[in-house]
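Have a look at this one before I ask anything.
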Amino acid sequence: MPDLFINLVKEEWRTHSTMFGSISFALFPVMIFGIVFMGSFLVPFLSATIPAGDLALLAHAMFLLLGFMVGGFGLLGNEMMNRRFGQASLLVYSARSLPLSERFIFANFVLKDIVYYFFLWVFPFGAGYIAASPFSGVPLSRGLLLLLTLSLAFLLGLCVVFILSSLYVRSRAACLLVVVCSAVAATVFAAWSGTNPALLFPPYLLYTAFSWVALLGTVIAIAAMFAVSVLLFTPESQGSTKTYRNVLGRLARSLSFLPRSPLVAKDLLDLSRSGIGIGQALFSFLIPLVAIWFFLSLLQNSLPPHGLIAIFSLTAGIIASTIYTWVTEFDSFGPYACLPVAVSTLISSKMTTFLLLQVLPAVFIGAVACITGSPGLAGPAIVLCLSISIYAACVMAYLCGLSPSVLVYDVRVLFTYLLLDGVALVLLAALSFANSLYGLLSVFLLVPAYLFARAAGARWDARDPGGL
Amino acid sequence: MASVIEARELSKSFGEVTALDRVSLSVGEGALFGLLGPNGSGKTTMIKVLTGQIRPTSGSATVLGIDAEKEGIKVRERVGIIPEQESPPSFLTAMEYLEFVGAVRKIPDIGERAEKWFDLLEFRDKKDVLCKDLSRGTRQKLMFAQAFIHEPVLALIDEPLINLDPIMQDVVKEFLAGYVRKGNTVFLSTHILEVAEDICSGIAILHKGKLLHSGPLADLTARGEHLPEFFLSLVRKGRHA
Ligand SMILES: Nc1ncnc2c1ncn2[C@@H]1O[C@H](COP(=O)(O)OP(=O)(O)OP(=O)(O)O)[C@@H](O)[C@H]1O
Ligand SMILES: [Mg+2]
């Protein structure tokens, strides 16, 4: 067991570090530490406008979200890795030729994700806060407690996604049912009791009022979910060689009003046949955003009247921009390299697919605006969400070309990305707080977005494509 | 005879590895040219540089009179390529993949052409199966069809025979011989020296990125030498040098 585990961790490290050098990658946790360390000094000032409790809540929400994202990538990522590197090259697959059960390999794989991302994200975050505690006047014990509860938030997010995705592989309908029922139950509970369910998020409760019993309960819950998801786990069914009707040609023709329609049609077929489309929509979009809604709505009192939906639209926009990673991550440039297709052509076709898929966030934000009783704000909210999403995706395409999700771990790239997005976010938040209609001004973001997208083509055409 | 491929002092390094070391090479029209060399000698790198998939570190190459570095796309419009290990996209069927290639290459009668290839390489029964579910050999056949479906005047093919059964190897060998007889050119990398001896008109031998030998195969046969022995002695000498 330890052997497989250690080698899985090594492999994950190599995958990341060979892509952009060990140094740049090792700097990643250092940067997280640095940002949090510096940020801790702002806490006393921020608490003048946002109550400290809300800040802690946001931090917990962020780590829950991180857990969701890591979990979602870990499992659906399997499929993507498979495409990028080929089955034989990854240990998860080669382990199949060893006398080990699939379930055992899966458990190791999950543990590896937990440990790996804990040291990459969670630990440096907590450590930064603790290191700042002598200067910021926060008692050390609070810092340690925060590290513990943030870790629990991260683990909860991870386990929820693991359990749901194990269920998803067994029955998509059952999984969807569980997700929808939970969301409805939370909404009904909130309406009936007047308490936001996010306040009952166990790690946050632990942070505000620590007790050993509650800690034990949370840990048992996490362990139970982990065990259930391992039990639910089913090895991929293999050997069913289905045949398919030929739809590519027809699809490409019906999309022929779009530039590069064959490439776009191929992507859409890929997303739907592989199940990545629905899987990602569920695990990397809907579930995180529904959870985030409950957390953000706690900020209502510190925000102007239309502030909540604006903040939520911006958050949804940032998450929607990661749709660019769904459409790029599942294939590599290799198969295109023998055709007259330039990297810039592929980037722009991926961008087109990305734009088509923006229907999802648009409908989602529209629905949220209506359900929460402000249908009048749906227009500006949708515009806000889509503008920031398209802008952030174009920035990503410029910075990372065709491999966005991995390159985000390059410190310089991530820093530039955060800066470029941060400026836009702060500006738009300020504008839409002032007047909900000002959110419509965000369409002007499409100008820099277009420029970034155009520059992305030239920039990435000038280099040898990755994966060749 | 006009030269179709012209490489001048071509070098390519990946970090500290020198995959190609000042290789100069010329391939004439109508040749079936074999690029030989041990593992890691730079054959695949050569094909990628010639087709503008990656940039040379120094030196230059023209393919069909087009600068491979500056106008890689134009080169790839004109030539056909079988990559070393790239598979067709997992979630398209074999037929859809050929349609996809047809759409990208703007071939109007792609459907009819595809049918011919299903027959020639005997995989009609697999045409509606997803590429990820195809056997390696069948995927290789599909990549072969993809490279020739637009009837390019020049094809650069990397180990096209490796996963094929002996009968298919024969079919492919015969096809290649016929293809160059029509005046087309084929640039082929292979480890199977007997095949090279059988069908190639010219050969080049790479070792650790350096060109050890290049010339018509007839020169060897005139000296009464056989390719396998010639190759082995040359590479062994190179190893001691
Ligand atoms: N993308 C790359 N990054 C780093 N090194 C590379 C890359 N591609 C090739 N190399 C190195 O360049 C050298 C030549 O590789 P190449 O694939 O061209 O050899 P080859 O002759 O095709 O070998 P084989 O017969 O095994 O296919 C090898 O040492 C290889 O490790
Ligand atoms: Mg090779």
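Protein chains get the first letters and strands the later ones, always in sequence-line order, with residue 1 at the start of each.
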Q. Do the non-hydrogen side-chain atoms of B:V27 and B:F187 ever get within less than 4.5 Å of each other?
A.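 Yes - at least one pair of side-chain heavy atoms lies under 4.5 Å apart.
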Q. Rounded to the nearest 0.5 Å, how far does CD1 of B:I107 lie from NE2 of B:H150?
A.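 Reported value, rounded in 0.5 Å steps: 6.5 Å.
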Q) Do A:R463's NZ or CZ and the ring of A:W460 fall within the cation-pi criteria of under 6.0 Å and 45°? A)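 Pair A:R463/A:W460 counts as cation-pi.
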Q | Residue part contacting chain B, namely of A:D461, when any heavy atom lies under 4.5 Å | A |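 Backbone only.
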Q) Who among B:K127, B:E99, B:R55, B:M143 has the most heavy-atom pairs with chain A under 4.5 Å? A)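 Greatest number of close heavy-atom pairs with chain A: B:R55.
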Q: Report the distance from atom OG1 of B:T57 to atom CG of A:D464, rounding to the nearest 0.5 Å.
A: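 Answer rounded to 0.5 Å: 8.5 Å.
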Q. In terms of heavy-atom proximity below 4.5 Å to chain B, should A:R260 be classed as side chain, backbone, both, or neither?
A.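 No part of it gets close to chain B.
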Q | Contacting moiety of B:T51, where chain A heavy atoms sit under 4.5 Å | A |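 Neither part, no heavy atoms under 4.5 Å.
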Q. Less than 4.5 Å apart, any side-chain heavy atom of B:V153 and any of B:R78?
A.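 The answer is yes; the side chains approach within 4.5 Å.
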Q: Please state whether the side chain, the backbone, both or neither of B:S87 comes within less than 4.5 Å of a heavy atom of chain A.
A: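 Backbone only.
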Q) Contact part of A:A252 toward chain B, heavy-atom cut-off under 4.5 Å: side chain, backbone, both or neither? A)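 When you check distances to chain B, no heavy atom of A:A252 falls under 4.5 Å.
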(Q) I need the residue from B:M95, B:R105, B:K74, B:E77 with the largest number of non-hydrogen atom pairs under 4.5 Å to chain A. (A)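 Of the candidates given, the most pairs with chain A belong to B:R105.
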Q | Distance (rounded to the nearest 0.5 Å) between B:F33 CZ and B:S26 OG | A |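 Atom-to-atom, B:F33:CZ and B:S26:OG are 8.0 Å apart.
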Q) In terms of heavy-atom proximity below 4.5 Å to chain A, should B:K12 be classed as side chain, backbone, both, or neither? A)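 The answer is the side chain of B:K12.
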Q) For the atom pair CG (B:D109) and CZ (B:R113), what is the distance rounded to the nearest 0.5 Å? A)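 Result: 4.5 Å between the selected atoms.
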Q) Strictly under 6.0 Å, is that where the ring centroids of A:F285 and A:W326 end up? A)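 No - the distance between ring centres of A:F285 and A:W326 does not fall below the 6.0 Å cut-off.
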Q: Tell me, for B:Q146 versus chain A, whether the close heavy atoms (under 4.5 Å) come from the side chain, the backbone, both or neither.
A: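 Just its side chain gets close to chain A.
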Q | Region of A:V247 that comes under 4.5 Å of a non-hydrogen atom in chain B | A |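 Contact with chain B: backbone and side chain both.
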Q.
If you count heavy-atom pairs within less than 4.5 Å of chain A, which of B:I82, B:I81, B:D128 leads?
A.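 Winner by heavy-atom pair count: B:D128.
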